[in-house]
Amino acid sequence: MHPKLCLALAFILVSSLFPSQPLLADWPQLRGPDQDGKATVSDIFDGPIELTVSWRRPLGKGYSQVVVADDVAVTLYADPRSDRDVVAAFDTANGSLRWSVALAETYRGHNGSDDGPIATPTIAGKTVYALGPRGQLVAVELSTGKERWRRDLVATGDARKPFYGFSTSPYVLADRAHGDRLVLMTGRADGRTLTAFDPATGEPLWRRGDDTSEHTTILDTRLGDRRQLVAFTNQHLIGLDPIDGRERWRQRLDTGEIYETLGMAVRVDDDGLLVQRWEESVLYRLGADGAIGEAWRSNQLKASYSVPIHHDGHVYGYNGRFLTCVDAKTGKQVWKSRPPGGHGNMLLAGRHFLTVGDDGDLVAFAASPEGYRETARLATVLSSASITAPSLSDDRMYLRDGESLVAVKVVAKPLPKTDD
């Protein structure tokens, strides 16, 4: 075989083993490019920063994060004008509406929840995949809003509707060798815990699992030297082969109430998975023999909708309304801070964490185990605290609550002049 052909085939083979990497500007899915709450950023975030509002526009209720690609920001919300839950796209330059696609009649909040959608859409290539709270799974053309296909997961028997409506976010598993798959937690205990759909048609490709699940999203990651899908269900933490969904390992969870399973598992180091529940967080590690076991449990990360972020040997998250840093090896508290308050979901950009506090302020603080140190603040960006995590694309952040969608410009703050 010709040497150049051998090299090309080797590149294709290696590329197919790893998740595709989005462009620098993208925030294409829940928790960012690598599902870890971390932004791919420029050197703006290496030093002091300043925050200014670029634009603001009214928005309906909902909890979905904003996803961004190709100068388009997409989210789900309850449109008060039409009484419909919608997936909609906005121009990142000025916030103007590009298109809106109705999902179903607005899902009304109950038992403490608010109206509107919960799940975050996903952008893969030129397509937006969105799941409404009533189970409408749709594929929409990113540039035009043209609907490509639609599937009602409840009517087809694909999924069981959770108590608070569907909140699992679609995930597109990119695989050049075996074809892409749209993977979703479908939550049925009869062989349909999760389902892989054909992204082009919406038809099921395979179904796996006998656990129920409520409000979690699949994690695509590497543990040790193997890529795997990690499903966080009401009963277990499960590792699956990304190609066919075959189970590799499972860990029983003593969850108690099923609504304790929120968010998604968090990868810690090369072999660890952290799951946060309402009463505590537990770290599991995968051994060289392929078996998984508990490493530690801690009540220092709990009672919050915020999914923790692992960074440089530490895990940052919330203990109720207290921002908390714990040691990733032991689970021991390193520091705890009352400011900035809230249950705020966070993102990590360079040397800064960014979150929304109780008063609706956008707050940046140092990504450091040395203690809480505020690095920037923008007052009353939102009308109140928001449990929706901010998103970041290039030098612009996107935040939302039940009333507004806001774009915030991030600029490098000039260093103070010193006399030579």
Side-chain angles (χ1 to χ4, degrees), residues 14-15 17-51 54 64-75 90 92-93 120-129 142 169-176 180 217-222 227 263-270 306-317 345-356 362 364-368 375-376 388-400 407-413:
V14 171
S15 298
L17 298 177
F18 296 88
S20 62
Q21 296 299 313
L23 299 176
L24 178 63
D26 288 354
W27 188 277
Q29 61 199 5
L30 180 69
R31 304 200 75 224
D34 293 317
Q35 297 185 289
D36 57 5
K38 301 177 183 179
T40 304
V41 295
S42 67
D43 57 5
I44 290 174
F45 293 91
D46 289 344
I49 58 173
E50 292 181 335
L51 308 168
S54 293
S64 303
Q65 195 176 24
V66 181
V67 293
V68 186
D70 294 346
D71 299 321
V72 180
V74 182
T75 194
F90 303 90
T92 58
T120 294
T122 287
I123 301 173
K126 302 299 181 182
T127 304
V128 176
Y129 300 93
L142 175 62
S169 298
Y171 176 74
V172 175
L173 191 155
D175 189 330
R176 292 188 181 95
D180 295 350
T217 293
I218 200 79
L219 172 67
D220 179 11
T221 191
R222 295 189 71 82
R227 182 182 182 184
M264 62 196 307
V266 177
R267 179 184 165 184
V268 175
D269 303 320
D270 292 331
S306 176
V307 180
I309 296 176
H310 174 248
H311 175 62
D312 283 352
H314 296 84
V315 180
Y316 299 81
N345 268 288
M346 305 179 292
L347 67 78
L348 175 63
R351 299 178 182 177
H352 307 264
F353 282 101
L354 295 112
T355 188
V356 177
L362 175 60
F365 62 94
S368 169
T375 56
T388 300
S391 311
L392 190 146
S393 176
D394 282 338
D395 60 355
R396 187 171 287 160
M397 295 184 60
Y398 300 87
L399 304 91
R400 64 160 298 183
V408 174
K409 179 84 168 178
V410 184
V411 297
K413 184 177 182 179

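Numbers here are sequence positions counted from 1.
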A.B. asks: Closest approach of Ala174 and Asp180, non-hydrogen atoms and distance?
C.D. replies: CA-OD1, 3.3 Å
A.B. asks: Which atoms form the tightest heavy-atom contact between Gly32 and Pro28, and what is the distance?
C.D. replies: C-CD, 4.3 Å
A.B. asks: Counting distance only, does the side-chain N/O of Ser391 pair as donor-acceptor with the main-chain N or O of Trp27 below 3.5 Å?
C.D. replies: no
A.B. asks: Could you give the distance from CG (Leu348) to CD1 (Ile309), rounded to the nearest 0.5 Å?
C.D. replies: 6.0 Å
A.B. asks: Find the distance between CZ (Phe353) and NZ (Lys38) and round it off to the nearest 0.5 Å.
C.D. replies: 8.0 Å
A.B. asks: For Pro390, does its backbone N or O pair with a side-chain atom of Gln65 as donor and acceptor, under 3.5 Å?
C.D. replies: yes
A.B. asks: Just do the side-chain contact (heavy atoms from CB on, under 4.5 Å) check on Phe365 and Met346 with the steps written out, would you?
C.D. replies: CA-CA 10 Å; Phe365 62 94; Met346 305 179 292; 3.7 Å; yes
A.B. asks: Any side-chain heavy atom of Val266 sitting closer than 4.5 Å to one from Gln35?
C.D. replies: no
A.B. asks: Keeping the roles fixed (side chain from Asp34, backbone from Asp36), state whether a donor-acceptor pair exists under 3.5 Å.
C.D. replies: no
A.B. asks: I'd like to know if the side chain of Thr122 reaches the main chain of Pro170, judged simply by a donor and an acceptor atom lying under 3.5 Å from each other, with no hydrogens or angles considered.
C.D. replies: yes
A.B. asks: Mind running side-chain contact (heavy atoms from CB on, under 4.5 Å) on Val74 and Val66 for me, showing each step along the way?
C.D. replies: CA-CA 6 Å; Val74 182; Val66 181; over 6 Å; no
A.B. asks: Asp70 versus Lys126: any side-chain heavy-atom pair under 4.5 Å?
C.D. replies: yes
A.B. asks: Please find the pair of heavy atoms, one from Leu142 and one from Gly125, that lie closest to each other, and give the distance.
C.D. replies: CD2-O, 4.4 Å
A.B. asks: Counting distance only, does the side-chain N/O of Thr217 pair as donor-acceptor with the main-chain N or O of Ser169 below 3.5 Å?
C.D. replies: yes
A.B. asks: With a 4.5 Å heavy-atom cut-off, do Ile49 and His352 have their side chains touching?
C.D. replies: yes
A.B. asks: When you compare the side chain of Phe90 with that of Thr75, does any pair of heavy atoms fall below 4.5 Å?
C.D. replies: yes
A.B. asks: Set out, in order, the CA-CA distance, both residues' side-chain angles and the distance that settles side-chain contact (heavy atoms from CB on, under 4.5 Å) for Tyr398 and Leu392, then state yes or no.
C.D. replies: CA-CA 6 Å; Tyr398 300 87; Leu392 190 146; over 6 Å; no
A.B. asks: Identify the two heavy atoms, one from Ser393 and one from Asp26, that lie closest to each other, and give their separation to 0.1 Å.
C.D. replies: OG-N, 4.2 Å
A.B. asks: Decide side chain to side chain donor-acceptor pair (under 3.5 Å) for Thr221 and Arg227; before the verdict, give the C-alpha distance in whole Å, the side-chain angles of both, and the deciding distance to 0.1 Å.
C.D. replies: CA-CA 6 Å; Thr221 191; Arg227 182 182 182 184; over 6 Å; no
A.B. asks: Side chains of Thr92 and Arg396: is there a donor and an acceptor less than 3.5 Å apart?
C.D. replies: no
A.B. asks: Which is it for Val172 and Gln29 under the side-chain contact (heavy atoms from CB on, under 4.5 Å) test, yes or no, and what are the steps along the way?
C.D. replies: CA-CA 9 Å; Val172 175; Gln29 61 199 5; over 6 Å; no
A.B. asks: Measure the shortest side-chain to side-chain distance between Val408 and Leu362 over non-hydrogen atoms and say whether it is less than 4.5 angstrom.
C.D. replies: yes
A.B. asks: Looking at every heavy atom in both Val41 and Phe45, which two are closest together, and how far apart are they?
C.D. replies: CB-CD1, 3.6 Å
A.B. asks: Taking Leu30's backbone N and O only, do any of them form a donor-acceptor pair with Thr120's side chain (distance below 3.5 Å, no angle check)?
C.D. replies: no
A.B. asks: To the closest 0.5 Å, what do you measure between CZ (Arg351) and CG (Asp43)?
C.D. replies: 10.5 Å
A.B. asks: Tell me whether Lys409 is salt-bridged to Asp395, with the criterion being a basic N under 4.0 Å from an acidic carboxylate O.
C.D. replies: yes
A.B. asks: Just so I know, are the side chains of Leu51 and Val410 near enough to count as touching, which here means a heavy-atom distance under 4.5 Å?
C.D. replies: yes
A.B. asks: Are Asp270 and Arg267 close enough for a salt bridge, meaning some N to O gap below 4.0 Å?
C.D. replies: yes
A.B. asks: For Val67 and Pro121, work out which heavy atoms get closest and say how close.
C.D. replies: CG1-O, 3.2 Å
A.B. asks: Taking the side chain as every heavy atom from C-beta outward, state whether Val411 and Glu50 have any pair of such atoms under 4.5 Å apart.
C.D. replies: yes
A.B. asks: I'd like to know if the side chain of His314 reaches the main chain of Asp312, judged simply by a donor and an acceptor atom lying under 3.5 Å from each other, with no hydrogens or angles considered.
C.D. replies: yes
A.B. asks: Check whether any side-chain heavy atom of Arg400 sits under 4.5 Å from a side-chain heavy atom of Ser64, and report yes or no.
C.D. replies: yes
A.B. asks: Are any side-chain N or O atoms of Thr355 and backbone N or O atoms of Asn345, one a donor and one an acceptor, separated by less than 3.5 Å?
C.D. replies: yes
A.B. asks: Using 30° and 60° as the class limits, which term best fits the ring planes of His311 and Tyr316: parallel, tilted or perpendicular?
C.D. replies: tilted
